[in-house]
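Lettering follows sequence order; numbering is per chain, from 1.
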2 protein chains.
Amino acid sequence: MKLSTKGRYGLRAMVDLALYSEKETVSLSSIAARQDISEAYLEQLMAKLKKAGLIISSRGAQGGYQLARPADTISVGDILRALEGDLDAVKCPGLSAEGCQTGDLCVTKYVWKKINESITDTVDEILLGTLVKESKKAREKHSTISEKKNIRESCSAKKEK
Amino acid sequence: MKLSTKGRYGLRAMVDLALYSEKETVSLSSIAARQDISEAYLEQLMAKLKKAGLIISSRGAQGGYQLARPADTISVGDILRALEGDLDAVKCPGLSAEGCQTGDLCVTKYVWKKINESITDTVDEILLGTLVKESKKAREKHSTISEKKNIRESCSAKKEK
DNA sequence: GCATAACCAAGCAAAATGGTTGGAATTAAA
DNA sequence: TTTAATTCCAACCATTTTGCTTGGTTATGC
């Protein structure tokens, strides 16, 4: 019942990309460096995002990635589905079909349906654009404090996992 | 991002137990048989449910399991947490603490929080008692049709996975 | 042409999943 | 008092998934 690093890293990469690719393209290595993710691994995630049509790339020198469409038209659900595949927490054969109404055998499908819906609803509701705006706001706020308190240090010390 | 068989089997077992243990205790083997789950595996799930205080057991001949409290006071969340552990889809160090407000690095935590909350809310809202009532209703409905159409067969044919 | 990029395919260790195996302890009934 | 039924317990194990790494190949701007 855990979201894998694919989803976690990938969403961070997309936010990063949205922040830095407004005019120019952004290289994989720069995202990897800023987000502290292995380049080779991130590459695989970018491939998935590209295949899903969320980002575009240009090869060769000065090449890199950009969002395929405005950040306001990309939902977190789009991103997570591209990376993790189907987000359904439970795949029950009876969920879409009619079958399995046989009493106690399948009341649980009601539960799985509710869980799936709640996840889908929440991730589809949050837009990349919103995250970008939040991020910019947080950055401004932070830069005014950062001279006095070095929060950054205490933060990056807590490595994920 | 998938619920494991622990959660799926375990919830089914709990519904089964609630349905059949109103007066007498119910043996592991009878639940396993009705729900078509391996006895030895279900045993491990029952151990978790017992440890979590959701069911009680009596050993020896004629022994078995019963709910520890009324089905209306047990939520699906209680059951799933007992079986799967923590239901948080993402464990971010910055989620509970103050840290990681450093701009783009951590806007994603807002997303993880929302996802976690939506899952928790939905599973805590559904009570075992409700499922039991639904199940009884479905069973009645079914028994009136079952003589003409044998839905049961088409259902059990679709084995999970 | 060469440095800088994206692209591609495979391999691989560690962890998690979904069980199985083989018993030991307890208890009601015969 | 035996015996059958039952929970309890502790390993073990095969397979799959995860989270990467390795070692290239193509494409392109300067």
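Residues passing the side-chain contact (heavy atoms from CB on, under 4.5 Å) test with B/S58 are B/T25, sequence neighbours excluded. For B/S4, the side-chain hydrogen bond (donor to acceptor under 3.5 Å, both in side chains) partners are B/E84, not counting sequence neighbours. Taking A/S29 as the reference, A/S27 meet the side-chain hydrogen bond (donor to acceptor under 3.5 Å, both in side chains) condition, with sequence neighbours excluded. Taking the salt bridge (charged side-chain N to carboxylate O under 4.0 Å, His left out) definition, one finds that A/R59 meets it with nothing, sequence neighbours left out. Residues forming a side-chain hydrogen bond (donor to acceptor under 3.5 Å, both in side chains) with B/T130 (at least two apart in sequence, or on another chain): none. For the side-chain hydrogen bond (donor to acceptor under 3.5 Å, both in side chains) test, residues two or more places apart in sequence or in another chain that qualify with B/T73 are B/R69.
B/L3 has its CG atom 11 Å from the P atom of C/dT17, to the nearest Å. Atom CD in B/Q62 sits about 14 Å away from atom P in C/dT27, given to the nearest Å. Atom P of nucleotide C/dT17 and atom CE of A/M1 are separated by 12 Å, given to the nearest angstrom. D/dT6 atom P lies 12 Å from atom OH of B/Y65, rounded to whole Å. Distance B/L45 CG to D/dC8 C1': 14 Å, rounded to the nearest Å. Taking atom CG of residue B/L42 and atom C1' of nucleotide D/dT6, one finds them 14 Å apart after rounding to whole Å. D/dT21 atom C1' lies 16 Å from atom CD1 of A/I37, rounded to whole Å.
For A/S118 and A/D121, the side-chain atoms include no donor-acceptor pair closer than 3.5 Å.
Contacts between residues 23-33 of chain B and DNA chain C, defined by a heavy-atom separation under 4.0 Å, are absent. Of the residues in residues 46-59 of chain B, B/K50, B/S57, B/S58, B/R59 come within less than 4.0 Å of DNA chain D through at least one heavy atom, sorted by number.
Heavy-atom neighbours of A/K114 NZ from other residues, nucleotides or ligands within 6.0 Å: at or below the threshold of 12.
Look at A/Y9 and you'll find a side-chain N or O under 4.0 angstrom from OP1 or OP2 of D/dC20. A sub-4.0 Å separation between OP1 or OP2 of C/dG18 and a side-chain N or O of B/T5 is present.
Pairs of residues two or more places apart, or lying in two chains, that qualify as salt bridge (charged side-chain N to carboxylate O under 4.0 Å, His left out) and include a residue from residues 124-138 of chain B are B/E22-B/K136, B/D72-B/K133, B/R81-B/D124, B/E134-B/K137.
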Might you list the N or O atoms of the protein lying below 3.5 Å from N or O atoms in nucleotides 8-12 of chain C, with each pair's distance?
{"residue": "C/dC8", "atom": "N4", "partner": "A/E43", "partner atom": "OE2", "Å": "2.7"}

Using a cutoff of under 3.5 Å, can you pull out all pairs of nitrogen or oxygen atoms linking the protein to nucleotides 1-3 of chain C, with atom names and distances?
none

In a table with atom names and distances, give each donor-acceptor pair under 3.5 Å that connects a side chain of residues 45-52 of chain A to protein atoms at least two apart or in another chain.
{"residue": "A/K50", "atom": "NZ", "partner": "A/S57", "partner atom": "OG", "Å": "3.1"}

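Two residues, A/K6 and B/E39, neighbour DNA chain D, and the one matched to the more 5' nucleotide by heavy-atom proximity is B/E39.
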- Query: Would A/V90 and A/I115 satisfy side chain to side chain contact (heavy atoms under 4.5 Å, CB included), going step by step from the backbone distance to the final call?
  - Reply: CA-CA 8 Å; A/V90 179; A/I115 296 176; 5.7 Å; no

- Item | Chi angles and distances behind the side chain to side chain contact (heavy atoms under 4.5 Å, CB included) call for B/M14, B/D78 | CA-CA 11 Å; B/M14 281 296 277; B/D78 293 333; over 6 Å; no

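Although no hydrogens or angles enter the test, the distance criterion places a donor-acceptor pair under 3.5 Å between the side chain of A/R12 and the main chain of A/Q35.
Annotation: the span from A/I31 atom CD1 to A/Y20 atom OH amounts to 10.5 Å, rounded to 0.5 Å.
Of the listed nucleotides (C/dA6, D/dC20, C/dG19), D/dC20 has the atom at the smallest distance from the side chain of A/S38.
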